[in-house]
Number of protein chains: 2
Amino acid sequence: MSSLKHLAQSLGLSITTVSRALDGYSDVAPATRERVRAAAQAIHYQPNSAARSLRRRKAEAVAVTLPTEPGRFGPPTFLNMLAACGHRLAEEGLDLMLLPTAGRVEEMETYRRLLDGRRADAVIVVRTRLDDERVAFLKERGIPFVTHGRTARSDEHAFIDGDGEAGFREAARHLASLGHRRIAHIAAPQDLTFAHLRRRGWLAALEEVGLSDRPECTAQPTEAGGYEAARWLMQQRTPPTALLCATDSMAIGALSALKEKGLMAGRDIAVIGHDNLPAAAFTDPPLSTMEIAAPDVGRQLAEMLIARLGGRDSRELQTILPVRQVPRITHGPVN
Amino acid sequence: MSSLKHLAQSLGLSITTVSRALDGYSDVAPATRERVRAAAQAIHYQPNSAARSLRRRKAEAVAVTLPTEPGRFGPPTFLNMLAACGHRLAEEGLDLMLLPTAGRVEEMETYRRLLDGRRADAVIVVRTRLDDERVAFLKERGIPFVTHGRTARSDEHAFIDGDGEAGFREAARHLASLGHRRIAHIAAPQDLTFAHLRRRGWLAALEEVGLSDRPECTAQPTEAGGYEAARWLMQQRTPPTALLCATDSMAIGALSALKEKGLMAGRDIAVIGHDNLPAAAFTDPPLSTMEIAAPDVGRQLAEMLIARLGGRDSRELQTILPVRQVPRITHGPVN
DNA sequence: ATAGATTCCCAAAACGTTTTGAATAGTCAA
DNA sequence: TTGACTATTCAAAACGTTTTGGGAATCTAT
C-alpha cells in the first residue's frame, strides 16, 4: 500500500490534501496541515523518491564521474572535497552519485547513459583537461554542470579552481630571489589543466626574472613519478638547484630520490610542492608547499551547482581561489 | 512524449511489445526484437530510471555513508576502493550513492531517510565500530548490506575485511625474533574494529613470546596522531625499540618524531605500518609495512553486495583477506 | 474440418507521487 | 435571498515504465 495513500486513509483525507499539506501549500487549513504533519512524523513518512522523481521530472541527484585510469586517482584529499560537496547537496535534497569510469570512451558512454536515462540533474566534472570532450558534450546537452578545474573554454562554463598559476609563479620568483638560477619544474601530464597552469606559472616567473635555463621533466602525478623525474633531472650535466613539483605526492617522491643522492633538501637543494597534504608536514625535512586558501572547496562547488540548477548563468559562477604559500624547510636558499 | 511511447509509435508497435523486446523476452518475434533494438540504439533510448525504479520497486542503487567526523576520512586509498566497487556495481546497473554525514546521530538520520524514501536497495557500511548501531539498525530493517571491516557481531552479517590481527601478530612476532624486547604499539581509537583487531594481534604475539613489557599509546589514525604518540612513547623511562603502528599514516608521523630525536628507523629503532600507501615506499628510510593481499577489495565488496541482493545468505558472505608483510627498511633488528 | 497448442502481440493496470481543475461549503455584501 | 467571493477539499490525470492477463492469428494433430 502506498504510504501517501496509507496516511490519507488513516487521516480520513484525500491523497491530494495530504500531499499538499506536507508541501506546505496555503490552500490547506492550518489545523489539517498540523494534523497531517504530526501523523507523517509518527510513521516516519518519506516520499518514495522514484515516484517523486518521475512526477517532478527531476532526478534530485548530481553525478560525478571518477576517472580511475591508469593508477590511483588524483590527490588523496579528493574524497574530502567530495564529502563536503555531498554534504551541502544533501541539504538541498540532492543525492551525490559516484560513477567510476576506466577510460575516456567509457566515461563518455557513462555520461550518455546517465543523461539519456535522466539519472542526474547536473554533473560535476573533475580532473579537467585543457581540451575536454566531456565539457563539450555537456554543453551540447544543455545540462547544468560545474567543473573542478578549468579548461581551455573556461569562460563558457561554471568552474571552481585554485590559482595554481599564481602560486607557482610566486614560488618560482621566491626561489629566484633566494639566489637559485636553475629552477626545475617537475610537471604533471600537460593535458591536465592544473598541470598546464602550474607549469605556466613557473615559466612566467623564469621569464620575468630573466632565467633562460628551464630544466623540466614530466611524469605521472604520483610519488613514483616524482621520484623518477627527480632522478632524471639530477643526472643532467648541470643539475638544478631547486625543484618545483606539480604536486606534493611528486615532491615526496622527489625528496626520496634526492636523499638517495645524498642531497639534503632545504640545504643542498630546494623543493616545493602543491596541495599541502597532511603528510607534507611530516616529510624529512618538512615539505615547503602551497595550498588553496579556502577551507571548503567542496562546499563552494556544491553551492555553485545549486545556483546553476536554480538557473543562474554559468558566467556568474567562475571561481578562482587564491593559493597560499606554506613555507616549511625544504625550500632553503642556494648554497 | 515518453520515449518508449515515441519508439513504439515510430515502429507501429505497442509500448508493451517494445518494452519486452528490449528486455529480451521470448514472446516477441526475433525479427521484431531486432527491429526494436536497432531503433532503440538509433535514438539512444535509455529507460527513464525513475519510472523504472517506481514500477520495479527497486532503486537500482547502493548507498555508502561517509563518516567525515572529526578530521579527514580514513586511509587515502579509500576512494580507490569505492571506485572499484562502483565500477563493478555499474556493470549490474546499480548506481553508487555517496552520503556524507558529519556525526553519528546525523548518520542514523541519513540511514532512516534513505530507507524510508526507498532511495537505495542496499548499503555499504564503512569504518565499522566494534559495537555499531548502524549494523543493528540495518539488520532490523532487513535491508541487504555489507560492511567494510568487521564488528562484534560479524557472524550475523556480510563483511569483507583484511586479517589485521594475523598481520600484526606476525609482524610483532618477527620483531621479537629480531631481538626486540620492548615492542610498542601505536594504536588507533579502539572503538574502531580494525584498530581493536590490530592491537589484539600485537598483544597475542607478545603473550606468545613471553614479553610482559607492552608499551602502547592510542592516537588519531593520522600523521599528526602517529607523531604525537611516538614522541610520547620515546619520552618514557625505557623507550621501546620497535613501533608497530596501526596505519601507515601514523607510521609516517612516527618516523618524523623519531628523526627529531636523532633516531634512524631501521637502525636505531624499528617501525612497521599497515596499508602500504603509495607514499610508504618513499619515506626515509622506506617504510616496512603490510597490505591486504588482494588487488580488488572494492570489487569483491561489490560482488558480495550483488550476491546479497540476489538473496544469498549473509553467512556465506564473510570474507577475511590475508595480509601480506611488505618488508622494506624501517624494521631492522635491535642494535 | 476442428480442437488444442503455439506464436506473437496488445490494452490496461499498476508503481507512488504531484498537479490540475473543479466541487463543496461557508462568508460577505447588497 | 442572491450572487460573488473565499477557504478548503478532492477526483482524476499525469509522469514512463513493467507486468498481467488475455486475444488473434497460425500451426499441429486428429
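Each chain gets a letter, A, B and so on, in the order its sequence line appears, and its residues count up from 1.
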Under 3.5 Å donor-acceptor pair, B/Arg55 side-chain atoms to D/dT17 base atoms: no
Any N/O donor-acceptor pair, B/Ser14 side-chain to C/dA11 base, under 3.5 Å: no
Using a cut-off of less than 4.0 Å, is there contact between a side-chain N or O of [X] and OP1 or OP2 of [N]?
X       : N      : result
A/Tyr25 : D/dT8  : no
A/Ser19 : C/dT18 : yes
B/Arg57 : C/dG16 : yes
A/Thr16 : D/dA11 : no
B/Thr17 : C/dC10 : yes

Rounding to a whole Å, what distance do you find between [X]:[atom1] and [N]:[atom2]?
X       : N      : atom1 : atom2 : answer
B/Leu7  : D/dT18 : CG    : C1'   : 15 Å
A/Tyr45 : C/dG16 : OH    : P     : 10 Å
A/Ile15 : C/dT20 : CD1   : C1'   : 15 Å
B/Leu4  : D/dG16 : CG    : P     : 10 Å
B/Lys5  : C/dA11 : NZ    : C1'   : 14 Å
B/Asp27 : D/dG21 : CG    : P     : 14 Å
A/Arg33 : D/dT9  : CZ    : P     : 10 Å
A/Asp23 : C/dG16 : CG    : P     : 18 Å

Carboxylate-amine/guanidinium contact [X] [Y], below 4.0 Å:
X        : Y        : answer
A/Arg104 : A/Glu107 : no
A/Arg312 : A/Glu303 : no
A/Arg141 : A/Asp116 : yes

Side chain of [X], heavy atoms from C-beta onward: which of [options] has the nearest atom to it?
X       : options               : value
B/Asn48 : D/dT17, C/dC9, D/dC10 : D/dT17
B/Pro30 : D/dC10, D/dT17, C/dC8 : C/dC8
A/Val28 : D/dT9, C/dC8, C/dT18  : D/dT9

Note, B/Val105 side chain near B/Glu109 side chain (heavy atom, < 4.5 Å): no
Flag if over 12 foreign heavy atoms under 6.0 Å of CD, B/Gln41: no
Toward the 5' end of DNA chain C, by each residue's nearest nucleotide, B/Arg118 or B/Gly12: B/Gly12
Side-chain donor/acceptor of A/Asp132 to backbone N/O of A/Thr151, under 3.5 Å: no
B/Ala51 vs B/Arg20, nearer the 5' end of DNA chain D by closest nucleotide: B/Ala51
Closest-nucleotide 5' rank along DNA chain D - winner of A/Thr32 and B/Arg52: A/Thr32
